[in-house]
Amino acid sequence: MRTGKHYLAALNDDREIYVDGERIRDVANHPAFAPIATTIAELYDLAAEPASKMTFTAPETGAEANRVYGIPRSREDLADFRHAAETWARHTHGWVGRSPDHVATFIAGFAAHPEAFSAGERDLSANVLAYHQRLLTESRYVSYAIIPPQVSRATTAHAWDGDFVQVGVVEETPDGIVVRGAQMLATGGPVADDIFVSCIKPLTEDDRDFAISFVVPAGTPGLKFYCRRPYAPAATSSYDYPLTTRYDETDALLVFDDAFIPWENVFVDRDVAGLRRQFFETGAHVLGNWQAQIRFSVKLQFIAGLARKVAAVNGVDKFPGVVEKLGELASLAAVVESAVLAAEYTASPDEAGLWRPGKRAVYGAMGLQAELYPRALAILRELVGGGVLQVPSSVADMRNPETRSDIDRYIYSPGAPAEERIKLFKLAWDAVGSEFGGRHHQYEMFYAGAPFVVKGYAFRNYGFEGTLADVDAFLASYGVE
Ligand SMILES: Cc1cc2nc3c(=O)[nH]c(=O)nc-3n(C[C@H](O)[C@H](O)[C@H](O)COP(=O)(O)OP(=O)(O)OC[C@H]3O[C@@H](n4cnc5c(N)ncnc54)[C@H](O)[C@@H]3O)c2cc1C
């Protein structure tokens, strides 16, 4: 099994990453990326430990593989997958959205349905199967960029000023395609092995050149990563910013300057319908988003625990108003946890033998996420009050004997001396108020699509037929007479 050391060594591939106007040469040791790379390395080490029970024998290769890369072919497989995804999520307490299991799950869904990739002009199904086998064998970390840059949402790529603003095919050669343009927003991209590039937003037939999907190693010549401002370098210490200093997974706009993509890495080639088949007919979308809900559930449990602890330290946890707020938080967390389990309970095999988590449960939970997460944060924010700002400026004040005595005397709670209390409230601030916390707020609202898009998934997958029939049957049971 892949180890963290192997993963870190692979980052040294001359990838072209830009931060603050400079090209980063040593990603694994740069202050913007070392913290998250270390966390990802820990995930690989955890998976390699037999005690984590994250491995299985993959039928496709006959060799041991990490369960998160496997195709669930039974209810037991789904339970094993959930266990593996949850084991990783618990390691980061849900604060890493694009851990290697996320996109891997999409690829497993693709591989379960190779026919979705052979229905276009060119049969590319063998590429999907071969890449999935590579994931099983090499445990590669794949991130993705599947959204067109936010130029205009009133039109699509073919109508934009300037050729190839969205990534598209500029040239075809006997060996592959040459791509040019940008795509957003590869979370984890700068520290991934490969990026899966595609387009999940609907395109028109005039956008054929942009209707592509391929995987690209991060060090491919012509591929550049433009990162948003990293938060980890400005964090003064893990005591001050315990989440930022471990889990700042970065988000990057990808720019392709005529990068060459060999055919074996291409899954969809200028095929608008092929993009829709890839995401929505293979089972990839529901499987990948089930993984996301497993991770989200772990994070909500953490936030609930944090709120309860803050309330206890402040001595308010028995007040009826506070109990009500903690109860609401408990309900929010329990709803998502229940949806994760309900999706497994209502799972069923499709015609290819892929066990798909129940759509009603997965998309139902997703549809609430843009309200549910801000509400959870609002409750935590309300409970912490000014305590998150009644803390010393940094750990340096704790180390200075001149300031420490006042800190010990005035910033404490019964049973929680200054060091403990401040530690807790700084953690709460990193969750609700730091730049990292703000980015997470945006992440949970948007990672699976804008709220109107995600609610559309809930609408389409709820199964209104049954509910309508129920109402019609009731209406038919009485009348004027
Ligand atoms: C922190 C973070 C991490 C991300 N990570 C990734 C990643 O790893 N990979 C990836 O591919 N993407 C990623 N994304 C991008 C994410 O998928 C998109 O933000 C999401 O799909 C929404 O697209 P958009 O941001 O372009 O919003 P838009 O589509 O531009 O929508 C913005 C808002 O405009 C309004 N709007 C737009 N169109 C309509 C319409 N037709 N009807 C009604 N209202 C409309 C809505 O209010 C909507 O919320 C990430 C985003 C964030 C914030």
Side-chain angles (χ1 to χ4, degrees), residues 36 40 94-107 141-157 159-160 165-167 181-204 210 212-216 218 223 225-232 243-244 247-256 275 278-280 284-285 288-289 291-292 295-296 299 363 366-367 369-371 373-374 377 431 434-460:
I36 185 62
I40 301 294
W95 291 92
V96 174
R98 299 294 195 232
S99 46
D101 42 340
H102 182 66
V103 181
T105 316
F106 277 76
I107 306 286
Y141 177 12
V142 196
S143 152
Y144 63 15
I146 55 173
I147 301 294
Q150 205 182 42
V151 174
S152 165
R153 296 302 183 222
T155 50
T156 49
W160 294 350
V165 175
Q166 175 174 339
V167 65
Q183 202 72 330
M184 72 189 242
L185 179 69
T187 297
V191 292
D193 297 300
D194 299 331
I195 320 294
F196 170 65
V197 179
S198 189
C199 182
I200 196 168
K201 288 206 184 222
L203 294 176
T204 69
F210 310 98
I212 47 176
S213 122
F214 58 87
V215 281
V216 57
L223 167 57
F225 295 80
Y226 287 100
C227 304
R228 57 121 170 112
R229 206 178 78 72
Y231 313 133
L243 301 174
T244 307
Y247 309 133
D248 181 17
E249 58 191 319
T250 81
D251 309 287
L253 176 80
L254 304 186
V255 169
F256 293 88
L275 290 183
Q278 163 192 255
F279 285 115
F280 300 108
H285 195 260
N289 281 296
Q291 180 280 337
R295 189 263 328 150
F296 185 48
K299 183 181 184 182
Y363 293 117
M366 274 170 77
Q369 199 159 337
E371 285 81 35
Y373 188 67
L377 286 189
S434 69
E435 210 168 352
F436 172 91
R439 182 262 175 204
H440 262 265
H441 191 154
Q442 202 71 0
Y443 180 80
E444 302 298 0
M445 288 183 70
F446 279 93
Y447 75 80
F452 79 92
V453 172
V454 176
K455 286 190 170 62
Y457 296 140
F459 171 78
R460 286 190 294 281

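Numbering of ligands and ligand atoms starts at 1, following listing order.
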Hey, does Tyr226 have a side-chain heavy atom less than 4.5 Å from the side chain of Val255? yes

Non-hydrogen atoms of His440 versus ligand 1: any pair closer than 4.0 Å?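 So His440 does not count as touching ligand 1.
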
To the nearest 0.1 Å, how far is [atom] from its closest protein heavy atom, and which atom is that?
atom	answer
atom 17 (O) of ligand 1	Ile147 CG1, 3.4 Å
atom 47 (O) of ligand 1	Phe452 CD2, 5.0 Å
atom 53 (C) of ligand 1	Gln442 CG, 3.7 Å
atom 51 (C) of ligand 1	Leu185 CD2, 3.8 Å
atom 11 (O) of ligand 1	Ile146 N, 2.8 Å
atom 18 (C) of ligand 1	Phe446 O, 3.8 Å

Is [atom] less than 4.0 angstrom from some protein heavy atom?
atom	result
atom 26 (O) of ligand 1	yes
atom 7 (C) of ligand 1	yes
atom 23 (O) of ligand 1	yes

Is there a donor-acceptor contact under 3.5 Å linking the side chains of [X] and [Y]?
X	Y	answer
Arg98	Tyr443	yes
Trp160	Thr155	yes
Tyr373	Lys299	yes
Tyr447	Gln369	yes
His440	Tyr247	no

Any idea which of Gly188, Ala450, Ala186 brings a heavy atom closest to atom 49 (O) of ligand 1?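 Heavy atom nearest to atom 49 (O) of ligand 1 belongs to Ala450.
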
Under 4.0 Å from any heavy atom of [X], which atoms of ligand 1 are there?
X	value
Thr187	3 (C), 4 (C), 5 (N), 6 (C), 7 (C), 8 (O)
Lys201	23 (O), 26 (O), 28 (P), 29 (O)
Gln150	24 (P), 25 (O), 26 (O), 27 (O), 28 (P), 30 (O)
Tyr447	17 (O)
Ala145	11 (O)
Tyr144	7 (C), 8 (O), 9 (N), 10 (C), 11 (O)
Tyr443	1 (C), 2 (C), 3 (C)
Asp251	3 (C)

Enter the distance from Ser143:OG to Ile195:CD1 here, rounded to the nearest 0.5 Å. 4.0 Å

Taken to the nearest 0.5 Å, the spacing of Tyr141 OH from Asp193 CG works out to 9.5 Å

I'd like to know whether the aromatic ring centres of Phe106 and Phe196 sit less than 6.0 Å apart in this structure. no

May I ask you to check whether His441 and Phe436 place their ring centres under 6.0 Å from each other? no

With the threshold set at 4.0 Å, does a side-chain nitrogen-carboxylate oxygen contact exist between Asp248 and Arg229?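 No.
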
Return the minimal non-hydrogen interatomic distance between Ala145 and Gln183, and the atom names on each side.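 So the two residues come closest at O-CG, 3.4 Å.
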
Side chain, backbone, both or neither: which part of Arg98 has a heavy atom under 4.0 Å from ligand 1? side chain

